[in-house]
Amino acid sequence: MKLDHIGIAVRSIEDRIKIWASFGLKVEKFAKVDYRKVKVAVLSEGSCGDAGSVKIELIEPIGEDSPIAKFLEKKGEGLHHLCFEVKDIEKVLTELKSKGIKLIDEVPSKGAFTKKVAFLHPSAVHGVLIELCEK
């Protein structure tokens with residue numbers, strides 16, 4: 001398992017990209033994920049990315065009923081989740097569940113840029129939302 005990206009909830013990706021660009025980060029990928037009601041921009045050290053570095057994922061809500069809109073209303077902009085890449089997401093979810101780890105998603109779904117994603121409940125990791133991804 002390795003850290004894949006850090007998800008940050010923002011009100012406007014366009015406005016926040018400027019801040020991250022001042023640190024030398026550039027947009028690597030951009031997507032609109034209608035079923036999750038979000039827009040996502042992945043930032044990295046270069047336009048092609050660096051496989052050895054952690055990426056920043058800016059997440060903007062699409063509509064007031066988006067889970068990210070609710071997050072922003074409650075907590076404001078900032079850290080939303082940590083995402084770890086795993087080799088076999090179904091196996092990892094089964095193992096975690098058998099150890100009593102509370103899951104939000106017992107079955108992975110399609111993510112913005114990865115084949116499969118699933119979330120662990122924040123209560124399982126002391127208030128930190130954890131996403132698992134399998135590429």
Side-chain angles (χ1 to χ4, degrees):
M1 197 168 20
K2 72 173 190 169
L3 185 61
D4 181 74
H5 68 265
I6 299 169
I8 299 175
V10 298
R11 289 185 174 82
S12 169
I13 287 175
E14 190 175 311
D15 290 345
R16 298 306 174 246
I17 285 173
K18 297 169 190 171
I19 295 167
W20 290 97
S22 67
F23 294 108
L25 298 176
K26 297 177 183 164
V27 176
E28 179 181 318
K29 301 175 191 175
F30 183 84
K32 183 177 175 187
V33 186
D34 289 322
Y35 76 97
R36 291 197 185 266
K37 301 178 183 178
V38 296
K39 290 189 245 179
V40 177
V42 175
L43 309 177
S44 66
E45 292 177 33
S47 60
C48 295
D50 176 357
S53 67
V54 174
K55 295 169 179 36
I56 302 293
E57 180 183 85
L58 301 180
I59 314 157
E60 176 184 331
I62 299 173
E64 293 178 18
D65 61 339
S66 166
I68 294 298
K70 293 173 186 170
F71 176 90
L72 289 167
E73 184 179 310
K74 184 176 180 182
K75 297 186 177 187
E77 292 184 305
L79 179 65
H80 182 260
H81 69 270
L82 301 177
C83 179
F84 292 93
E85 182 181 347
V86 297
K87 292 185 180 186
D88 184 343
I89 196 167
E90 286 91 353
K91 181 180 176 184
V92 171
L93 289 170
T94 300
E95 290 173 358
L96 291 171
K97 186 176 179 181
S98 73
K99 293 177 181 177
I101 302 293
K102 187 174 180 181
L103 308 175
I104 292 175
D105 303 310
E106 292 190 19
V107 177
S109 61
K110 185 179 179 205
F113 305 108
T114 57
K115 292 182 181 177
K116 300 176 185 176
V117 299
F119 287 88
L120 310 183
H121 196 278
S123 65
V125 194
H126 308 287
V128 179
L129 180 62
I130 300 294
E131 177 184 17
L132 302 176
C133 71
E134 178 184 319
K135 293 185 179 181

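Predicted, not measured: the structure shown is a model, and the values here were computed from it.
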Please name the pair of heavy atoms, one in [X] and one in [Y], separated by the smallest distance, quoted to 0.1 Å.
| X | Y | value |
| --- | --- | --- |
| V33 | A112 | CG2-CB, 3.5 Å |
| C83 | L3 | O-CD1, 3.4 Å |
| H5 | H81 | NE2-NE2, 3.1 Å |
| V117 | R36 | CG2-NH2, 3.3 Å |
| I101 | L120 | CG2-CD1, 4.5 Å |

Worksheet item: Between V125 and L82, is a side-chain contact (heavy atoms from CB on, under 4.5 Å) present by the stated rule, with each step listed?
Response: CA-CA 11 Å; V125 194; L82 301 177; over 6 Å; no
Worksheet item: Can you name the ring-ring contact (aromatic ring centres under 6.0 Å, His included) partners of F71, sequence neighbours left out?
Response: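 F71 satisfies ring-ring contact (aromatic ring centres under 6.0 Å, His included) with H80 once adjacent residues are dropped.
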Measuring from atom [atom1] of [X] to atom [atom2] of [Y], what distance do you get when rounded to the nearest 0.5 angstrom?
| X | Y | atom1 | atom2 | result |
| --- | --- | --- | --- | --- |
| D15 | E60 | CG | CD | 8.5 Å |
| E45 | L25 | CD | CG | 7.0 Å |
| I8 | L58 | CD1 | CG | 6.0 Å |
| I59 | K37 | CD1 | NZ | 16.0 Å |
| I89 | T94 | CD1 | OG1 | 10.5 Å |
| L93 | D88 | CG | CG | 9.0 Å |

Worksheet entry | Check against side-chain contact (heavy atoms from CB on, under 4.5 Å), F23 and L43 | CA-CA 11 Å; F23 294 108; L43 309 177; over 6 Å; no
Salt bridge (charged side-chain N to carboxylate O under 4.0 Å, His left out) contacts in which one or both residues fall within [range], not counting sequence neighbours:
| range | answer |
| --- | --- |
| residues 113-135 | D4-K135, E90-K116 |
| residues 75-85 | K2-E85, R16-E77 |
| residues 96-108 | K97-E106 |

[X]-[Y] co-clustered via ILVMFWY side chain contacts under 4.5 Å:
| X | Y | result |
| --- | --- | --- |
| I56 | L129 | no |
| I130 | M1 | yes |
| F119 | L96 | no |

Practice prompt. For S66 and G63, indicate whether the former's side chain and the latter's backbone hold a donor-acceptor pair under 3.5 Å.
Written response: no
Worksheet entry | For F30, all residues meeting side chain to side chain contact (heavy atoms under 4.5 Å, CB included), sequence neighbours excluded |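 For F30, the residues satisfying side chain to side chain contact (heavy atoms under 4.5 Å, CB included) (neighbours in sequence not counted) are I13, K39, A41.
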Worksheet item: Which residues satisfy the side chain to side chain contact (heavy atoms under 4.5 Å, CB included) test with D34, sequence neighbours excluded?
Response: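 For D34 the side chain to side chain contact (heavy atoms under 4.5 Å, CB included) partners, ignoring immediate neighbours, are K32, I62.
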Fill in: Side chain to side chain, I104 and P122, heavy atoms closer than 4.5 Å
yes
